[in-house]
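Structure first, commentary second.
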Amino acid sequence: MKILVVGGGGREHALCWTLAASPLCHKLFCAPGNAGIAEDADCVPIAAEDIDGLLAFVQQEAIDYVVVGPEAPLVLGLVDRLTAIGVKAFGPTAAAAELEGSKGFTKDLCAKYGIPTAAYGRFTEAEAAKAYVRRQGAPIVVKADGLAAGKGVTVAATEDEALAAIDAAMADGAFGAAGAELVIEDCLQGEEASFFALVDGDFALPLATAQDHKRAFDGDEGPNTGGMGAYSPAPVMTEALVEETMASIIRPTVAGMKAEGRPFKGVLYAGLMITAEGPQLIEYNVRFGDPECQVVLMRLMSDLLPALIACSDGVLSTFDLRWYEEAALTVVMAAKGYPGGYEKGTVIGGLEAAAGNSDDIKVFHAGTKGGENGTVLANGGRVLGVTAMAPSIAQAQARAYTAADKIDWPEGFCRRDIGWRAVEREKAAAVD
Ligand code: AMP
Ligand code: GLY
């Protein structure tokens, strides 16, 4: 098959690296890709949101299958457009991508189908939103309804903070059209966890568990980011919790979406709060997490491509995926300043030394591009995902940092404590 992967981050590098190894894939393209992806795929300079450009390329190259990485082209209807010209694709239609594209849509779906989530209100008027905050009191969470690149959520400790967040979104337009409508919801208490399942419209197959670290600095401090590292398995997601999440959240969502005439196909990524009353849904994403995808695919033993195609074809229930027992851990190296302003174009050295010749270490590229004479240049906020596999999370962590320390990039930084919670759980289990 001739395959096109859409996107150019670490997630898409992991997807390309995995798909390139499939015996079913005889030609792999990536749009737009990055310097690391260029080793596994032919990169074509078409932006992930350029739907017309992507369609023209798919027709010109007679692509057989398209795998969409990021949410933006899904919400823009790339899969619908491909389906309309008879090209199969992995990912939800625009109508199903509303699960990520509109937080209000998802909350209403939860209310209608009895899916556990925080109590909420939807608002298009600032005054009504403020009255709701005054009535509910703090802590309270204010969210832009639409896609806001992970920046649209304020967990407000005080009423004043919540009122300011309402003004920022509605009066100042901080999130553009995405903030014209707000969801305001109760603050949930517990430990956060992520959950991923492949879905074919009817049937959901859980993937290996994984957890990311969203804050920029050690100790889970500092501003929110796309994710500074991840590990798999995630010990917080015990087998019992996986089953409870499937029963109370994932299966009712898949059934509800089908009943609403918006069958969901693709990866359903649930952000959960594990509360005293059980798992509650914080939000849905309609794609693989980045960098969770990197650790999950590192552990995948089966061929990914037939599983993705089974989602598109609605035959996933006949499928089973096999995983390596080992743990995987990714340390993200980001440009200094991220998630605020940062420099681009700095030179990254030591990539080959970091990877060594071990199958258990892989340096996935996120924001990179090729420079002169084969150099690799930083070209984004999150730049690399140094990934290692080992018998335990603690050993994978040690291996990943040994590799990361071989990278020569003074303009970059990484957290030094990725996986800390899981490492502590391993230690506690060893003592028991
Ligand atoms: P989201 O983009 O919806 O995942 O929100 C970003 C972050 O805000 C989450 O990862 C949580 O840490 C936090 N958050 C969102 N909603 C809630 C909530 N209802 N209660 C507590 N924390 C929340
Ligand atoms: N790692 C979080 C995300 O992909 O949204």
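Because the structure is predicted, anything quoted here is derived from the model rather than measured. When a ligand or atom number is given, it counts from 1 through the structure's own listing order.
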Problem set entry | For Glu185, atoms of ligand 1 separated by under 4.0 Å from a heavy atom | 16 (N), 17 (C), 18 (C), 19 (N)

Seminar exercise, completed: When rounded to the nearest 0.5 Å, the distance separating CD of Glu12 from CD1 of Ile37 is 6.0 Å

Problem set entry | atom 20 (N) of ligand 1: nearest protein contact (heavy atom, Å) | Leu188 N, 2.8 Å

Exercise. Relative to the heavy atoms of Met273, which atoms of ligand 1 are at a distance of less than 4.0 Å?
Worked result: 21 (C), 22 (N)

Problem set entry | Check: Pro233 main-chain N/O paired with Thr209 side-chain donor or acceptor under 3.5 Å | no

Exercise. Using the benzene-type ring in the case of Trp, are the ring centres of Phe319 and Phe203 under 6.0 Å apart?
Worked result: no

Seminar exercise, completed: For Met333 and Ile407, the nearest pair of non-hydrogen atoms, with its separation, is SD-CD1, 3.9 Å

Exercise. Just distances here: any N/O of Lys214 and N/O of ligand 2 closer than 3.5 Å?
Worked result: no

Exercise. Can you tell me how far CH2 of Trp17 sits from CG of Leu28, rounded to the nearest 0.5 angstrom?
Worked result: 13.5 Å

For this session: Mark up the atoms of ligand 2 that fall under 4.0 Å of a heavy atom belonging to Asp212, in ascending order.
Result: 1 (N), 2 (C)

Exercise. Among Gly226, Gly289, Gly227, Gly10, whose heavy atom sits nearest atom 2 (C) of ligand 2?
Worked result: Gly226

For this session: Could you list which atoms of ligand 1 come closer than 4.0 Å to a heavy atom of Lys143?
Result: 3 (O), 15 (C), 16 (N)

Seminar exercise, completed: Short version for Arg11: what comes under 4.0 Å of ligand 2, heavy atoms counted, is neither

Problem set entry | Salt bridge present between Lys88 and Asp313 (N-O < 4.0 angstrom) | yes

Problem set entry | Reported CE-to-CD distance for the pair Met257 and Glu98, which is rounded to 0.5 angstrom | 8.5 Å

Exercise. Which protein heavy atom lies closest to atom 10 (O) of ligand 1, and at what distance to 0.1 Å?
Worked result: Glu192 OE1, 2.7 Å

Seminar exercise, completed: Val155 heavy atoms within 4.0 Å reach ligand 1 at atoms 8 (O), 13 (C), 14 (N)

Exercise. So, is Cys187 polar-close to ligand 1, with some N/O to N/O distance under 3.5 Å?
Worked result: no

Exercise. Looking at Leu297, Asp40, Val67, Asp303, which hits side-chain contact (heavy atoms from CB on, under 4.5 Å) with Leu19?
Worked result: Val67

Exercise. Taking the six-membered ring for Trp, are Phe196 and Phe288 ring centroids under 6.0 Å apart?
Worked result: no

Exercise. Tell me, which protein residue and heavy-atom name are nearest atom 5 (O) of ligand 2, and how many Å apart are they?
Worked result: Arg287 NH2, 2.9 Å

Exercise. So is Glu292 polar-close to ligand 2, meaning N/O to N/O under 3.5 Å?
Worked result: yes

Exercise. In ligand 1, which numbered atoms sit nearer than 4.0 Å to a non-hydrogen atom of Lys103?
Worked result: 2 (O), 3 (O)

Exercise. Is the shortest N/O to N/O distance between Asp186 and ligand 1 below 3.5 Å?
Worked result: yes

Exercise. Which residue holds the protein heavy atom closest to atom 8 (O) of ligand 1, what is that atom called, and what is the gap in Å?
Worked result: Val153 CG1, 3.6 Å

Exercise. How long is the gap from CZ on Arg287 to CG on Leu268, to the nearest 0.5 Å?
Worked result: 11.5 Å

